[in-house]
Amino acid sequence: MVVRRDSAVGEQGSGGEEKRAKAVKKATAAAKSTATANPAALKKVAPAKKAAVKKAEAAAVTAPKPPKPPRNESRTALVRRARRINRELAEVYPYAHPELDFENPFQLVVATVLSAQTTDLRVNQTTPGLFAKYPTPEDLAAADPEDVEEILRPTGFFRAKTKSVIGLSKALVEQFDGEVPGRLEDLVKLPGVGRKTAFVVLGNAFGRPGITVDTHFQRLVRRWRWTEATEPDKIEAEVGALFPKSEWTMLSHHVIFHGRRICHARKPACGACPIAPLCPAYGEGETDPEKAQKLLKYEKGGFPGQRLNPPQAYLDAGGRPAPPLGAG
């Protein structure tokens with residue numbers, strides 16, 4: 001992965017070069033002085049000189065820790081930093097997208113409900129069988145719960161999820177003529193559908209802006225000090241206020257992509273992070289670039305992403321489809 005270098009990193013780099021040059025010059029002068037005083041020791045000094053130069057170079061090229069935004073960061077500075085982070089992530093992940101496979105709003109709302117307490121990958125591996133057997137709300141509403149449970153077993157909590165997807169299918173048939181509604185207030189009335197699920201559906205099936213506050217989003221926006229809130233509704237409101245509404249859906253994709261690939265929960269890959277100079281939490285994870293590279297996940301680390309059928313832009317950028325259920 002190529003890490004972008006902005007002006008702040010460039011300034012640090014130029015300082016590092018000057019430091020390196022001074023260190024090398026000092027080591028060389030010391031070696032020459034010793035050799036002049038005792039010519040017979042010249043051969044002994046050469047290895048020491050090389051070791052000193054190597055040590056100086058290693059110390060000089062170590063990237064300094066990016067400065068943390070001040071605790072008393074102004075509102076204007078916060079907005080500028082937040083928007084710059086989003087712009088940087090947009091360049092790193094120009095192909096960011098919802099990582100649930102779907103072909104219509106019904107498939108998306110069902111898949112999003114199923115994604116609770118499991119991975120999008122596991123959902124994507126499970127839904128082909130579900131939608132092949134029950135392609136419409138009418139079909140799923142009339143399904144035998146035991147049959148649905150067997151299909152959904154790999155996603156975990158399959159009994160509760162079966163109740164939710166059959167219940168929301170019945171609600172769609174009875175209240176909305178079998179069509180997924182395009183309004184927040186209607187979506188949240190469906191069994192198993194909360195604000196997070198509703199915004200996923202609105203943003204990706206209807207093109208209506210919304211912020212998806214999942215676990216990755218919560219973790220990253222708090223690390224970046226965009227908010228100190230812990231409740232999803234408050235996080236949604238406070239982060240939303242930092243950006244134009246038109247950017248909310250793609251902002252969610254950028255943040256979630258970054259959380260899954262680089263800024264992990266337990267060990268962030270700080271040394272491979274393109275927004276390190278803007279991050280107050282830099283240093284919580286691995287800062288050594290080579291070690292950090294090994295922590296990267298999904299397509300950045302040479303592994304497939306979450307979707308069995310990802311968008312073409314993702315494939316063009318080097319991303320790979322995920323394997324189907326049961327594949328080695």
Side-chain angles (χ1 to χ4, degrees), residues 86 96-118 120 123-124 126-127 130-131 134-143 148 152 155 157 160-218 221 226-227 229-257 306-307 309 311:
N86 189 39
H97 56 269
E99 292 199 271
L100 288 168
D101 283 322
F102 68 98
E103 295 179 357
N104 54 56
F106 172 62
Q107 291 188 1
L108 180 57
V109 70
V110 170
T112 307
V113 169
L114 296 179
S115 68
Q117 304 299 315
T118 190
D120 287 354
V123 174
N124 291 337
T126 304
T127 51
L130 179 70
F131 295 138
Y134 309 107
T136 68
E138 290 81 3
D139 295 322
L140 192 52
V148 177
L152 300 185
T155 67
F157 302 96
K161 291 179 180 180
T162 294
K163 184 177 179 180
S164 291
V165 298
I166 290 179
L168 76 84
S169 296
K170 289 180 177 178
L172 290 175
V173 172
E174 295 169 1
Q175 301 174 32
F176 302 101
D177 297 322
E179 299 291 332
V180 176
R183 298 195 312 163
L184 176 65
E185 54 267 36
D186 292 330
L187 283 167
V188 295
K189 293 177 183 177
L190 300 174
V193 177
R195 288 180 68 88
K196 184 191 85 170
T197 297
F199 280 129
V200 170
V201 175
L202 289 173
N204 298 290
F206 293 99
R208 296 175 183 172
I211 291 178
T212 303
V213 184
D214 73 348
T215 55
H216 300 288
F217 193 94
Q218 291 186 51
V221 298
W226 288 3
T227 178
T230 56
E231 298 175 14
D233 290 2
K234 291 183 178 179
I235 292 174
E236 175 196 319
E238 292 184 14
V239 173
L242 301 175
F243 296 89
K245 191 173 182 179
S246 60
E247 296 182 11
W248 287 357
T249 299
M250 286 308 300
L251 167 70
S252 300
H253 293 326
H254 295 153
V255 174
I256 293 169
F257 254 60
Q306 301 276 291
R307 293 184 68 164
N309 299 298

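Note that this is a predicted model, so its numbers are computed, not measured. Quick note: numbers below take in every heavy atom, side chains included, and nothing from hydrogens, waters or symmetry partners.
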Counterpart residues, side-chain hydrogen bond (donor to acceptor under 3.5 Å, both in side chains), relative to S164 (two or more places apart): none
Distance (rounded to the nearest 0.5 Å) between F217 CZ and W226 CH2: 6.5 Å
Pair listing, salt bridge (Lys or Arg N to Asp or Glu O under 4.0 Å) test, anchored in residues 184-196, at least two apart: R183-E185, R183-D186, R195-D233, R195-E236
Considering all heavy atoms, the nearest T249-G203 contact: OG1-CA, 3.7 Å
Close side-chain approach of I166 to V148, heavy-atom, < 4.5 Å: yes
Atom pair CG/OG1 of D214 and T197 - distance to nearest 0.5 Å: 10.5 Å
Distance, nearest 0.5 Å, that separates CH2 of W248 from CG of L242: 10.5 Å
Closest non-hydrogen atom pair between V201 and L108, with its separation: CA-CD2, 3.8 Å
Option among T112, T118, V113 that satisfies the side chain to side chain contact (heavy atoms under 4.5 Å, CB included) test with V123: T118
Exercise: identify the closest heavy-atom pair between P137 and G178: CG-O, 3.4 Å
Contact check, side chains of N204 and H253, non-hydrogen atoms, under 4.5 Å: yes
Short side-chain to backbone donor-acceptor contact, D101 and N309, under 3.5 Å: yes
Heavy-atom side-chain contact between T212 and V255 under 4.5 Å: no
CD1-CD1 distance between I235 and I211, expressed to the nearest 0.5 angstrom: 10.5 Å
Rounded distance [0.5 Å steps], OG1 in T227 versus CD in Q218: 10.0 Å
Note, Y134 side chain near V165 side chain (heavy atom, < 4.5 Å): no
Donor-acceptor contact present, side-chain K161 to main-chain A116, <3.5 Å: yes
Smallest separation among heavy atoms of M250 and A96, with atom names: CE-O, 3.6 Å
S252 versus G210, closest heavy-atom pair with distance: OG-O, 3.7 Å
Results of side-chain hydrogen bond (donor to acceptor under 3.5 Å, both in side chains) for T136 - residues two or more places apart only: E138, D139
Inter-residue atom distance T127.OG1 - L100.CG, 0.5 Å rounding: 8.0 Å
Considering all heavy atoms, the nearest S169-A141 contact: CB-N, 3.7 Å
Side chain proximity check, F199 to V213, heavy atoms < 4.5 angstrom: no
Any side-chain heavy-atom pair of L140 and L130 under 4.5 Å: yes
Derivation of the side-chain contact (heavy atoms from CB on, under 4.5 Å) call for L202 and L187: CA-CA 9 Å; L202 289 173; L187 283 167; 3.7 Å; yes
Any donor-acceptor pair under 3.5 Å from N124 side chain to Q306 backbone: yes
4.5 Å side-chain heavy-atom contact, E99 and F257: yes
